[in-house]
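Every value quoted in this text rests on a predicted model; they were computed, and no experiment measured them.
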Amino acid sequence: MTYPFLSRQSAFALLMAGGLALVGCGGGTGASAAPGSSSGNGSGSGTGTAPAATPVQVNLGDAPADWVMAFGMTVNSITLTSTTGTTVNVVPASTPMEMAQLMGTMQTVSTLAVPQGTYTQAVVSFSAVNLGYMNPVTKAYATATMPGPFTATVPFSPAATVGASPMTLDFDLNLGASLSADSTGAVSLSPVMTAALMPVSTTGPTPWNGSLRMMGSVSGVTGTQFTLGSMMGLPTATFSTSGSTTFAGSGLTGMGGMAAGLMVAVDATLQADGSLLAQRVESLGMIGSAGMMGGGLVTGLTGNPPTQLTLSASAGQGGGMMPTSMGGTLTVSIPSGTPYAMDTDGVDLSGLPFAPDFSGASLAKGQRVAVLSAGGMMTGGGMGGGMMGSGSLGTVTASQVRLEPQALHGTVSGYAASGSQATFTLTLAADSAFATLTSATTIQVYQQAGTRMMGLQTPANGQDLAVRGLLFNDAGTYRLVAAWVTTP
């Protein structure tokens with residue numbers, strides 16, 4: 001399905017002019033309040049009567065910084081200020097996030113009931129930055145830590161009124177504008193952030209307006225509901241299932257197969273009552289209490305077919321993985337017979353002029369993968385326990401290697417459409433980490449009938465775009481099948 005044209009900037013202006021109505025999911029963090037209640041820190045009426053409260057779903061995303069491969073941080077707070085000067089913090093608990101993997105999408109960071117009223121700005125505070133990047137001087141992979149705290153002030157102009165209509169509040173951290181490197185390669189950070197207010201869609205929700213994707217470990221199952229824990233973003237969320245929920249992967253056919261310790265990927269939508277309804281639940285395998293998942297960009301391969309790979313870590317869950325692991329390198333042993341899989345949800349692979357393969361024969365540098373292991377990470381070297389140091393996190397033995405969606409940013413050329421499909425060349429930025437890592441300066445992109453657009457109707461030659469989907473190595477040529485095409 002292709003979603004209607006909607007510019008992020010235009011949506012923000014129109015919605016702010018019409019007032020803001022925010023709604024979120026009450027089952028996400030356990031912090032939501034029912035309408036009519038108040039935490040006492042919202043914009044009151046001055047009469048002593050607390051205003052009604054409306055849940056808000058708060059999302060974070062990333063505008064591209066081509067030379068950055070991992071950007072982990074801890075979100076300390078996002079504080080909204082009302083016209084009366086009172087404030088409400090919509091991220092009441094410190095929450096780890098990894099931003100580099102969010103180019104071309106959004107991830108939910110919190111859900112909270114916000115007192116109804118009019119708000120003029122948001123102040124976002126974060127700290128504990130772990131950065132993995134291609135040094136622009138040496139062209140080698142490097143890591144850096146920046147303790148912070150850092151603050152970004154995002155004005156609402158005109159002021160935003162919290163009402164009763166469903167809405168999500170999306171913050172976009174522009175890493176390209178926020179990070180800079182001097183002539184020696186030393187990195188500095190001055191955060192630049194924008195906000196967009198998106199109505200919750202009841203017909204085709206997207207990551208910007210009511211849907212969310214979460215990968216984590218099941219921690220509890222009750223009837224038709226299950227609770228999921230994640231190291232990044234929303235720390236816990238409770239999902240409901242219905243007869244329309246589909247189950248996939250590793251023999252999972254329904255709620256009867258759900259159990260604590262099962263690693264799953266969930267696609268869900270925000271409901272009118274603030275709950276989260278799982279549309280699709282995919283089992284990635286049982287990791288139990290000792291296993292783990294690590295994810296990121298492949299930076300090195302050993303053997304043919306590969307017996308070992310290294311990752312620039314940007315995701316993880318389970319034994320040995322910590323928020324401070326982001327940006328570090330993870331060494332993965334790949335035993336003979338290790339299964340390979342693809343996260344094809346949302347990616348239309350039909351009718352392509354090449355065979356979309358992911359296996360040991362086609363695994364390549366620059367692809368974003370998730371590695372599952374039945375055992376935890378064995379630490380050693382400079383990053384024992386997952387702490388940033390020399391850059392080496394440790395080693396893990398893969399029980400599955402899975403190709404995950406990723407985004408690349410560049411300039412469009414050679415656009416050619418044929419029916420519901422199109423192809424174009426994406427020329428990467430001169431400072432692209434992907435280009436430095438792989439020596440590929442262009443990517444062939446395939447726009448499918450199922451490709452969704454955000455901020456444009458049709459790509460145009462010369463246009464600056466971010467494209468998100470599955471990246472394949474086809475006999476040495478990189479080909480990206482687009483799930484999303486967005487304006488940066």
So which atom in [X] and which in [Y] form the shortest heavy-atom distance, rounded to 0.1 Å?
X	Y	value
V332	A398	CG1-CB, 3.7 Å
A341	Q400	CB-OE1, 3.9 Å
M73	M99	CE-SD, 3.7 Å
T487	G455	CG2-O, 3.3 Å

(message) Could you check whether D343 pairs with R368 (Lys NZ or Arg NE/NH1/NH2 to Asp/Glu carboxylate O, under 4.0 Å)?
(response) no
Using modelled atom types only, decide if a donor and an acceptor are shared between the side chain of [X] and the backbone of [Y] within a distance under 3.5 Å.
X	Y	result
S211	T206	yes
N461	G414	yes
N135	A140	no
Q367	A364	yes
T436	S432	yes
T108	S110	no
S178	V192	yes
E98	A100	yes
T451	A482	yes
T344	V347	no

Given [options], the one that forms side chain to side chain contact (heavy atoms under 4.5 Å, CB included) with [X]:
X	options	result
F472	T477, V481, L352, L480	V481
L60	L173, T95, V75, D170	V75
I443	T427, V467, T438, L471	L471

(message) Are Y133 and F71 an aromatic pair, judged by ring center distance below 6.0 Å?
(response) no
(request) Examine Y478 together with F434 and report whether their ring centres are nearer than 6.0 Å. (result) yes
(request) Could you tell me the separation between the CG atom of N209 and the CE atom of M106, rounded to the nearest 0.5 Å? (result) 11.0 Å
Any side-chain donor near an acceptor of the partner, [X] and [Y], under 3.5 Å:
X	Y	result
S314	Q101	no
T269	Q279	yes
D464	T411	no
T299	T310	yes

(request) Start with the C-alpha distance between Y141 and S312, add both sets of side-chain angles, then the distance that settles side chain to side chain donor-acceptor pair (under 3.5 Å), and finish with yes or no. (result) CA-CA 9 Å; Y141 186 72; S312 168; 2.7 Å; yes
(message) Enumerate the side chain to side chain donor-acceptor pair (under 3.5 Å) contacts for residues 348-357, please, sequence neighbours excluded, ordered by first and then second residue.
(response) D348-S350, D357-S359, D357-S362
(request) Can you sort out the partners of A466 under side-chain contact (heavy atoms from CB on, under 4.5 Å), two or more places apart, ordered by chain and number? (result) M103, T486
(request) Show the numbers, then the answer: is there a side chain to side chain donor-acceptor pair (under 3.5 Å) between T238 and T227? (result) CA-CA 4 Å; T238 298; T227 301; 3.3 Å; yes
(request) Not counting sequence neighbours, which residues clear salt bridge (Lys or Arg N to Asp or Glu O under 4.0 Å) with R479? List them please. (result) D474
(request) Begin with the C-alpha distance, continue with both residues' side-chain angles, and end with the deciding distance and a verdict on side chain to side chain donor-acceptor pair (under 3.5 Å) for T168 and Q57. (result) CA-CA 5 Å; T168 58; Q57 180 180 348; 5.9 Å; no
(message) Over 60° means perpendicular and under 30° means parallel, so tell me whether W484 and W208 are parallel, tilted or perpendicular.
(response) perpendicular
